[in-house]
Number of protein chains: 2
Amino acid sequence: MTGYGQFCPIAKTMEVLDERWTILVIRELLAGSHHFNDLRRGVPKMSPTLLSKRLRGLVRIGLVMRIGDGTRSRYELTPAGRELAPIVMALGNWGVRWMTQLGEEDLDPHLLMWDVHRNIDLATVPDGRTVLEFHFSDVGAHTSNWWVVINGQHEVDLCDFDPGYEVVVTATSTLRTMVLIWRGDLSWRAALNNGSLTLEGSSHVRNALPHWLKLSPFAASPRVLPQADAAR
Amino acid sequence: MTGYGQFCPIAKTMEVLDERWTILVIRELLAGSHHFNDLRRGVPKMSPTLLSKRLRGLVRIGLVMRIGDGTRSRYELTPAGRELAPIVMALGNWGVRWMTQLGEEDLDPHLLMWDVHRNIDLATVPDGRTVLEFHFSDVGAHTSNWWVVINGQHEVDLCDFDPGYEVVVTATSTLRTMVLIWRGDLSWRAALNNGSLTLEGSSHVRNALPHWLKLSPFAASPRVLPQADAAR
DNA sequence: CAGTATCCATTTCGATACTG
DNA sequence: CAGTATCGAAATGGATACTG
């Protein structure tokens, strides 16, 4: 049996939403991913078979529309799907308060950099090309160096190889430290003060960087403890 | 692997909440059930083994406290668990709007009557003993007749056998009709008007009954269509 | 009352490779 | 790019009976 056998609206909702990965796929659609391989980058540990299956299920029950778009296809939330936005946000706000233990296996550098690169505040970055470098001191060679290439006011690319352009600032930290900063568990200031993060670049750029990166949507949401600059 | 391998707060939350039955157990705790067998009545199709396992899991991650209470034990939500209340309500409000298809297997008379009996508005029921009878015209003999015995201002019992007291009102309908009324999908008025519900009793009591039964917490929440008195 | 024990059918999912 | 095919390991959980 797959359902709960209850007429309760909460039960009927969870029949749909408690399937593994489903909420994360909806999160990605809410975040603005519309194509299969974009969605995959937001759920990198989900197999393409399963993503495909979940998308078909969501279409069947009316939360997602699949739109043929030339040779590609495009996925859009329906009104029913879009009405999940406040619930998904509430789940994140709750998680940031109560599910604070991050195992090593949760620290995925690909996901972190994917998130960072799509949340550059283009309005505050200078015109022309700006290249940021991130170095994680504690992970394997092929995931330890990243470059974020910001072109003018509109385009941001992510590279895991040196694109060869001049770098204006290099941030060096453990992967965990940068994850904590991204999540809003640790402030830029505290990380710089205790030495867990170092920035190389002109003082102007070092001061500007925290404005260029917008951090997680939940970074500013209220925590249980007033203002712990939690390290772990 | 049981987690998602993501530091995203939504993912960390769903690692906990997307396990089958978990949200329904939390719903029951929020609804005021605190003992094992009370919880079971709210999730009648869950095996006791699994309920026990889920409760242990919820205790382990800090959403529930188990309190030895003499020979019994008592389950209470922690502050973290209680903060799920608005999310659980939002899931129900969403479900009532978008997950409106009820299969025959969702129409559980035990759950319906359990819900009805614990939502009697004691403030509006007269003093002394008041007995209500429900008859479902389309279900097997052992689940078709129910008596709700209200004693004074404080106690409500549910019987699936005739307790022998004088009945002040008998409601007769299909099981589906009463479920729809309970959910707020169909109004008392519309059900009476179209004959899908009949009430036997004095006109005073027939008029009072809709005030005695409080209906689902989601009965009054906004629907997608302005005011359809949906029948199916 | 408040669970536990056992057992097995079913489902689920991850890994990997492949296709139009 | 956008998926599908296949397969086997693992987990899930439903049914039933039993216990202090």
Side-chain angles (χ1 to χ4, degrees), chain A residues 1-6 11 14-25 28-29 33-60 64-76 105-106 108 110-111 114 157, chain B residues 1-6 11 14-25 28-29 33-61 64-76 105-106 108 110-111 114 157-158:
Chain A
M1 180 179 38
T2 176
Y4 288 117
Q6 295 198 359
M14 292 313 289
E15 285 181 9
V16 172
L17 300 186
D18 72 4
E19 265 193 321
R20 191 165 154 78
W21 292 107
T22 294
I23 286 280
L24 299 193
V25 173
E28 284 306 301
L29 288 161
S33 293
H34 296 289
H35 295 285
F36 194 83
N37 283 341
D38 291 344
L39 291 165
R40 286 195 67 181
R41 300 200 66 165
V43 284
K45 300 193 180 164
M46 186 180 191
S47 77
T49 310
L50 192 52
L51 174 56
S52 172
K53 181 178 173 184
R54 284 289 180 277
L55 285 168
R56 270 181 277 122
L58 288 169
V59 168
R60 189 176 48 77
V64 169
M65 289 181 315
R66 177 186 175 162
I67 304 161
D69 183 8
T71 171
R72 319 179 67 183
S73 37
R74 184 178 171 81
Y75 296 93
E76 293 272 8
E105 66 282 3
D106 295 327
D108 181 340
H110 295 89
L111 180 62
W114 179 249
D157 285 327
Chain B
M1 179 180 36
T2 176
Y4 288 116
Q6 295 197 359
M14 291 315 288
E15 284 181 11
V16 172
L17 299 186
D18 73 3
E19 266 193 320
R20 193 165 153 78
W21 291 108
T22 295
I23 286 280
L24 300 193
V25 172
E28 283 306 300
L29 289 161
S33 292
H34 296 288
H35 296 284
F36 194 83
N37 283 341
D38 291 344
L39 291 166
R40 286 196 66 182
R41 301 200 64 167
V43 283
K45 299 191 180 166
M46 188 180 191
S47 77
T49 309
L50 192 52
L51 175 57
S52 172
K53 181 178 173 184
R54 284 290 180 277
L55 286 168
R56 269 181 277 123
L58 289 169
V59 168
R60 188 176 49 76
I61 61 182
V64 169
M65 289 181 316
R66 178 186 174 162
I67 303 161
D69 183 9
T71 172
R72 319 179 68 181
S73 36
R74 184 178 171 81
Y75 296 93
E76 295 271 8
E105 66 282 5
D106 295 327
D108 182 340
H110 295 89
L111 180 62
W114 178 249
D157 285 328
L158 174 64

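Chain A is the first sequence line, chain B the second, and so forth, proteins listed ahead of strands; every chain is numbered from 1.
- Side chain to side chain, Y75(A) and D69(A) fail the donor-acceptor criterion of an N or O pair below 3.5 Å.
- Under the Watson-Crick or G-U wobble criterion, with both distances below 3.5 Å, dG20(C) is paired with dC1(D).
- Residue whose closest nucleotide on DNA chain C sits further toward the 5' end, between M46(A) and R72(B): R72(B).
- The phosphate of dC1(C) (OP1 or OP2) has no side-chain N or O of H35(B) nearer than 4.0 angstrom.
- Once rounded to the nearest 0.5 Å, the distance linking CD of Q6(A) with CE of M46(B) reads 10.5 Å.
- Closest to the side chain of W21(B), from the set dG14(D), dA2(D), dA15(D), is dG14(D).
- Of all non-hydrogen atoms in G42(B) and L111(B), the two that sit nearest each other are O-CD1, 3.7 Å.
- Between R56(B) and dT4(C), a side-chain N or O to OP1/OP2 separation shorter than 4.0 Å is present.
- Comparing atom distances between the S52(B) side chain and each of dT4(D), dT4(C), dA2(D) picks out dT4(C) as nearest.
- Atom pair F36(A):CZ and dG20(C):P shows a separation of 17 Å (rounding to whole Å applied).
- R66(B) places its CZ atom 8 Å from the C1' atom of dA2(C), with the value rounded to the nearest Å.
- The side chain of T49(B) approaches dA5(C) more closely than any other nucleotide in the set dT4(D), dA5(C), dG3(C).
- Projected onto DNA chain C by closest heavy-atom contact, E19(A) and N37(B) fall at different nucleotides, the more 5' of which corresponds to N37(B).
- In this structure, D38(A) places its CG atom 7 Å from P of dA2(D), rounding to the nearest Å.
- The CG-P distance, from L51(B) to dG14(D), rounds to 12 Å in whole Å.
- When the P atom of dA2(C) is taken as reference, atom CG of L55(B) falls 12 Å away, rounded to whole Å.
- Nucleotide dC1(C) holds its P atom 19 Å from the CD1 atom of I67(B), rounded to whole Å.
- Atom CZ of R20(A) is separated from atom CD of E19(B) by 10.0 Å, given to the nearest 0.5 angstrom.
- Side-chain proximity of R54(B) to the nucleotides dT6(D), dG13(D), dG14(C) is greatest for dG13(D).
- Residue D69(B) contributes atom CG, which lies 12 Å from atom C1' of dA2(C) at whole-angstrom precision.
- Protein atom CG of L50(A) is 15 Å distant from nucleotide atom C1' of dT6(D), rounded to whole Å.
- Taking only side-chain nitrogens and oxygens, R40(A) never comes nearer than 4.0 Å to OP1 or OP2 of dG3(D).
- Within the 4.0 Å cut-off from OP1 or OP2 of dG3(D), at least one side-chain nitrogen or oxygen of S73(A) is found.
- I23(B) places none of its side-chain heavy atoms less than 4.5 Å from the side chain of D18(A).
- Here Y75(A) reaches the OP1 or OP2 of dG3(D): one of its side-chain N or O atoms lies under 4.0 Å away.
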